[in-house]
Amino acid sequence: MAVVWLDDVRADDLDLVGGKGASLGELTGAGLPVPPGFVVTASTYRAFIEDAGIDDELFAAVEVDHEDSEALQAAHETAHDLIMETPMPDDVREEILDAYRSVGEGDAFVAVRSSATAEDLPDASFAGQQETFLNITEEDLLDRVKECWASLFSERAIYYRNRKGFPHDKVDIAVVVQQMVDAEKSGVMFTRHPSTGKKEIIIEAAWGLGEAVVSGTVSPDNYVVSRETGEVETATIADKKTMCVRDEESGETVMRDVPSDRRHERVLTDDEVSRLLELGELVEDHYETPQDVEWAVYEGEVYMLQSRPITTIAEADDGEEDEGDSGRSRAAATGDDVLIRGLGASPGIASGRARIVTKLDHLDQVAEGDIIVTEMTMPDMVPAMKRAAGIVTDEGGMTSHAAIVSRELGVPAVVGTGDGTKTLEDGEVVTIDGDKGTVREGEEPEEKQRQPVEEARPKTPVKPMTATEVKVNVSIPEAAERAAATGADGVGLLRIEHMVLTLGKTPERFIEQNGERAYVDEIVSGVREAAEEFYPRPVRVRTLDAPTDEFRQLEGGENEPREHNPMLGYRGIRRGLDNPSVFRLELQAFRRLFDMGYDNLEVMFPLVNDAEDVLRAKEHMREAGIDPEKREWGVMIETPAAALCIEELADAGIDFASFGTNDLTQYTLAVDRNNEHVADIYDELHPAVLKLIGDTIETCREVGVKTSICGQAGSKPKMVQFLVDKGVSSISANIDAVRDVQHEVKRVEQRLLLDSVR
Ligand code: PEP
Ligand code: MG
């Protein structure tokens with residue numbers, strides 16, 4: 001038997017029908033209304049490759065060095081072609097087509113989804129690797145089933161299994177073929193409050209197909225329903241500008257404007273709410289755990305499309321969070337034994353032997369648990385920074401290399417001390433407090449030293465659910481895993497400067513010596529680490545933006561222009577557009593990643609001033625083979641010019657605008673962000689900065705462009721309050737701040753909701 005009907009499938013049929021098939025079968029068996037369908041079993045796939053005798057060739061083809069992107073691409077192509085060119089046996093073809101003709105009226109539009117049998121691998125990222133095709137009819141069905149089989153050998157999937165050491169021949173793939181529900185309305189439902197666990201049902205609903213709600217592209221209505229009384233406690237009706245529908249002619253899923261009379265109309269009737277409540281109770285009882293359900297309404301019937309356990313409930317009261325600016329507990333550093341003060345740049349308290357590092361070749365003297373004391377950190381120092389218990393620098397502010405990297409590594413840091421390298425003595429034992437920005441004499445008792453915040457927190461609770469997305473910034477690929485573990489909704493800024501500067505040579509010199517391909521490969525491999533770790537959560541990767549003084553320290557740096565003020569100089573998009581030889585390779589690297597299946601990448605351009613910059617960058621993107629109409633892309637708002645020209649930037653086609661407040665503040669206030677002498681007047685919350693941000697958000701909301709922040713200020717509660725009040729779409733914070741920002745966002749959103757009903 002090549003196929004089994006969902007009616008006959010149960011949860012423990014995982015090996016036969018894969019994770020997705022088993023879960024749909026289980027729901028169907030529990031009597032819940034699931035659109036009808038069948039599964040082409042995993043053994044059908046296995047028999048196909050074995051009977052045709054292509055199995056050995058297939059598995060041998062994908063045993064490649066996964067870091068070699070050319071080899072990976074070739075492996076994928078060989079495997080894909082082998083599967084697509086091998087004919088499906090006649091009996092299997094007939095069985096699949098016969099089953100299809102029994103779905104609906106016999107000519108139904110169906111969804112064809114891969115359902116791999118090893119989806120229970122520890123890493124959720126595996127689940128999203130294979131293909132899904134919507135709105136398929138008989139004509140394309142068999143090809144799509146084979147495409148699903150072949151998607152077991154996408155570049156991403158091969159890379160993933162090789163990297164994890166998971167044997168290729170241990171994963172099989174089933175294919176779910178299920179009637180499409182041409183939803184009039186759809187959404188998600190939580191059978192408990194997703195962050196408090198309270199016994200109420202939360203429903204989000206919008207017009208049209210569910211993709212728009214699930215992917216967050218429309219703001220849905222929100223209903224809170226008491227499970228005790230069945231009463232709708234609150235119904236917040238959103239302004240629903242767009243909806244996702246199936247195009248009558250092409251059968252494709254497209255976005256349409258919601259007719260004006262339905263934009264403000266409530267989506268769910270009381271009867272539908274009651275039915276959802278009933279189904280919510282049933283599904284929770286069935287699984288004996290709170291569920292997160294995708295549902296749709298079609299011709300008056302409510303269907304369940306998917307259900308999975310809610311992983312975000314029951315934040316145990318860890319008793320650690322006190323009020324106060326950062327919301328963190330502090331082991332007080334009291335007394336007047338402070339040797340030196342600076343800015344607390346990365347939280348935590350640590351004691352260790354001070355190691356004064358003035359030259360890079362002194363780095364091997366940094367032992368495990370030492371405190372590095374240096375003028376300013378550089379990318380080459382990262383291995384030593386990983387060994388260190390703490391970092392102290394003379395120079396730099398909250399957005400300097402030392403501050404950014406320490407936070408990502410979870411190492412406490414105090415920056416901008418002025419003369420730490422002169423005041424502290426090599427070998428003396430000190431204690432640094434990365435919250436207060438102090439360095440004290442002597443050792444702190446072990447129990448008072450403190451781990452980075454997120455490590456000290458209980459592991460079980462995940463995140464509070466917020467309408468505003470909370471993402472995380474990543475600058476060093478090694479930090480991607482820690483960043484992903486925060487439960488952030490994606491990466492709001494993936495910097496590539498670190499990947500490039502650690503080459504030890506300017507990009508031009510590196511390319512001269514190693515060739516263009518090698519440069520592309522370096523970017524591909526760094527970006528892929530984050531894209532893989534977060535998949536399918538979105539990752540916004542930015543083209544290079546390093547000032548010339550940072551390049552100057554590298555081999556080839558002598559060819560960099562000498563600038564009086566590199567911060568105002570040859571950097572970001574202006575350099576990329578002036579001399580595209582390196583810039584276009586970065587875009588080619590992103591294109592490679594798209595081709596490899598990392599469709600969660602989004603492209604972002606730094607330091608644009610006006611529409612001309614954006615249009616030229618967009619043209620380069622096109623030339624690199626990235627279709628700006630199909631991919632999400634946008635710009636940083638880092639100059640007052642960009643903020644003031646936002647309408648023109650929107651007209652140029654951007655999908656999002658992300659506030660780079662590190663630069664926006666320095667350019668608005670004329671305060672060098674890295675100059676510790678003016679650090680006290682560097683203020684991201686200055687009314688002028690806030691006005692630029694507030695006005696930009698307002699315009700973006702009018703024209704349908706998403707807004708975000710990825711500067712350091714996104715980790716500050718006051719900025720979070722301001723942004724959520726203004727209606728920002730997402731906030732990207734430092735790793736250590738993600739949890740606090742999630743809570744802060746939630747608090748502000750709840751206040752806004754309450755204000756609107758009072
Ligand atoms: C910013 O300017 O706020 C930003 C995020 O970019 P960078 O710190 O890399 O200049
Ligand atoms: Mg910037």
Side-chain angles (χ1 to χ4, degrees), residues 109 111 132 134-135 180-189 202-223 235-269 272 294-298 303 305 465-469 471 489-490 536-538 540 599-600 602-603 627-635 646-647 649-658 696-708 724 726-730 749 752-753 756:
F109 281 95
T132 283
L134 301 179
N135 297 313
M180 293 280 306
V181 172
D182 217 353
E184 292 130 24
K185 27 182 120 166
S186 52
V188 293
M189 160 168 70
I202 315 281
I203 305 170
E204 294 191 334
W207 302 116
L209 302 172
E211 281 93 321
V213 180
V214 176
S215 68
T217 45
V218 301
S219 342
D221 286 0
N222 180 287
Y223 307 81
T236 312
I237 311 306
D239 176 4
K240 301 164 286 290
K241 295 194 182 92
T242 51
M243 64 199 276
C244 209
V245 292
R246 182 162 60 77
D247 185 72
E248 292 288 335
E249 294 203 346
S250 64
E252 306 231 319
T253 306
V254 291
M255 291 301 283
R256 293 265 162 79
D257 286 346
V258 172
S260 55
D261 56 329
R262 295 176 77 198
R263 265 176 62 165
H264 298 278
E265 196 185 317
R266 175 175 156 150
V267 173
L268 290 178
T269 62
E272 286 161 346
E294 281 173 37
W295 57 267
V297 174
Y298 175 54
Y303 289 93
L305 307 181
M465 194 190 58
T466 56
T468 313
E469 289 173 313
K471 301 186 182 173
D489 294 315
R537 290 176 276 174
R540 267 181 201 168
D599 51 8
N600 56 332
E602 303 178 355
V603 178
D627 184 346
E629 310 308 323
K630 294 223 173 93
R631 303 292 178 189
E632 284 277 309
W633 66 283
V635 296
I646 187 64
E647 266 178 74
L649 303 191
D651 284 346
I654 55 171
D655 295 305
F656 61 83
S658 181
T696 306
I697 296 179
E698 195 178 315
T699 309
C700 283
R701 289 182 59 170
E702 279 162 19
V703 296
V705 166
K706 282 182 243 164
T707 49
S708 182
V724 176
K726 292 283 172 197
V728 78
S729 328
S730 66
E749 287 181 352
L752 288 174
L753 270 176
S756 73

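Positions are given from 1, in the same order as the sequence printed here.
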Exercise. Should the pair Arg246-Asp182 be classified as a salt bridge under the 4.0 Å nitrogen-to-oxygen rule?
Worked result: yes
For this session: Could you tell me whether the side chain of Ser730 and the main chain of Glu469 form a donor-acceptor pair under 3.5 Å?
Result: no
Problem set entry | Residues in side chain to side chain contact (heavy atoms under 4.5 Å, CB included) contact with Asn222, at least two apart in sequence or another chain | Ile202, Glu204, Val224, Thr236
For this session: Please tell me if the side chains of Asp655 and Val705 come closer than 4.5 Å, counting only heavy atoms from C-beta onward.
Result: no
For this session: Supply the atom-to-atom distance Glu294 CD to Met189 CE, rounded to the nearest 0.5 angstrom.
Result: 11.0 Å
Problem set entry | With Arg266 via side chain to side chain donor-acceptor pair (under 3.5 Å) - residues at least two apart | Asp270
Exercise. Under 3.5 Å, is there a donor-acceptor pair linking the side chains of Glu749 and Thr468?
Worked result: yes
Exercise. So, for Tyr298 and Val181, which heavy atoms are closest and what is the spacing to 0.1 Å?
Worked result: CB-CG1, 3.3 Å
Exercise. Taking side chain as C-beta onward, heavy atoms only, is Phe656 less than 4.5 Å from Thr707?
Worked result: no
Exercise. Do the non-hydrogen side-chain atoms of Val254 and Cys244 ever get within less than 4.5 Å of each other?
Worked result: no
For this session: Tell me, please, which residues at least two apart from Asp247 pass side chain to side chain donor-acceptor pair (under 3.5 Å).
Result: Ser250, Arg256
Exercise. Should Trp207 and Glu184 count as side-chain neighbours, where that means a heavy-atom distance under 4.5 Å?
Worked result: no
Exercise. Which heavy atom of Leu268 sits nearest a heavy atom of Tyr223, and at what distance?
Worked result: N-OH, 3.0 Å
Exercise. Is the closest basic N to carboxylate O distance between Asp221 and Lys240 below 4.0 Å?
Worked result: yes
For this session: May I ask you to check whether Glu702 and Thr699 show a side-chain donor-acceptor distance below 3.5 Å?
Result: no
Problem set entry | Residue pair Ile237 / Glu265, side-chain heavy-atom distance below 4.5 Å | no
Exercise. Do the side chains of Ile203 and Trp295 get nearer than 4.5 Å, heavy atoms only?
Worked result: yes
Exercise. Measuring from Arg263:CZ to Lys241:NZ, what's the distance to the nearest 0.5 Å?
Worked result: 6.0 Å
For this session: Inspect the contact between Glu632 and Arg540 and indicate whether a charged nitrogen and a carboxylate oxygen are less than 4.0 angstrom apart.
Result: no
Seminar exercise, completed: One should read off an interatomic distance between Ile646 CD1 and Cys700 SG, to the nearest 0.5 angstrom, of 4.0 Å
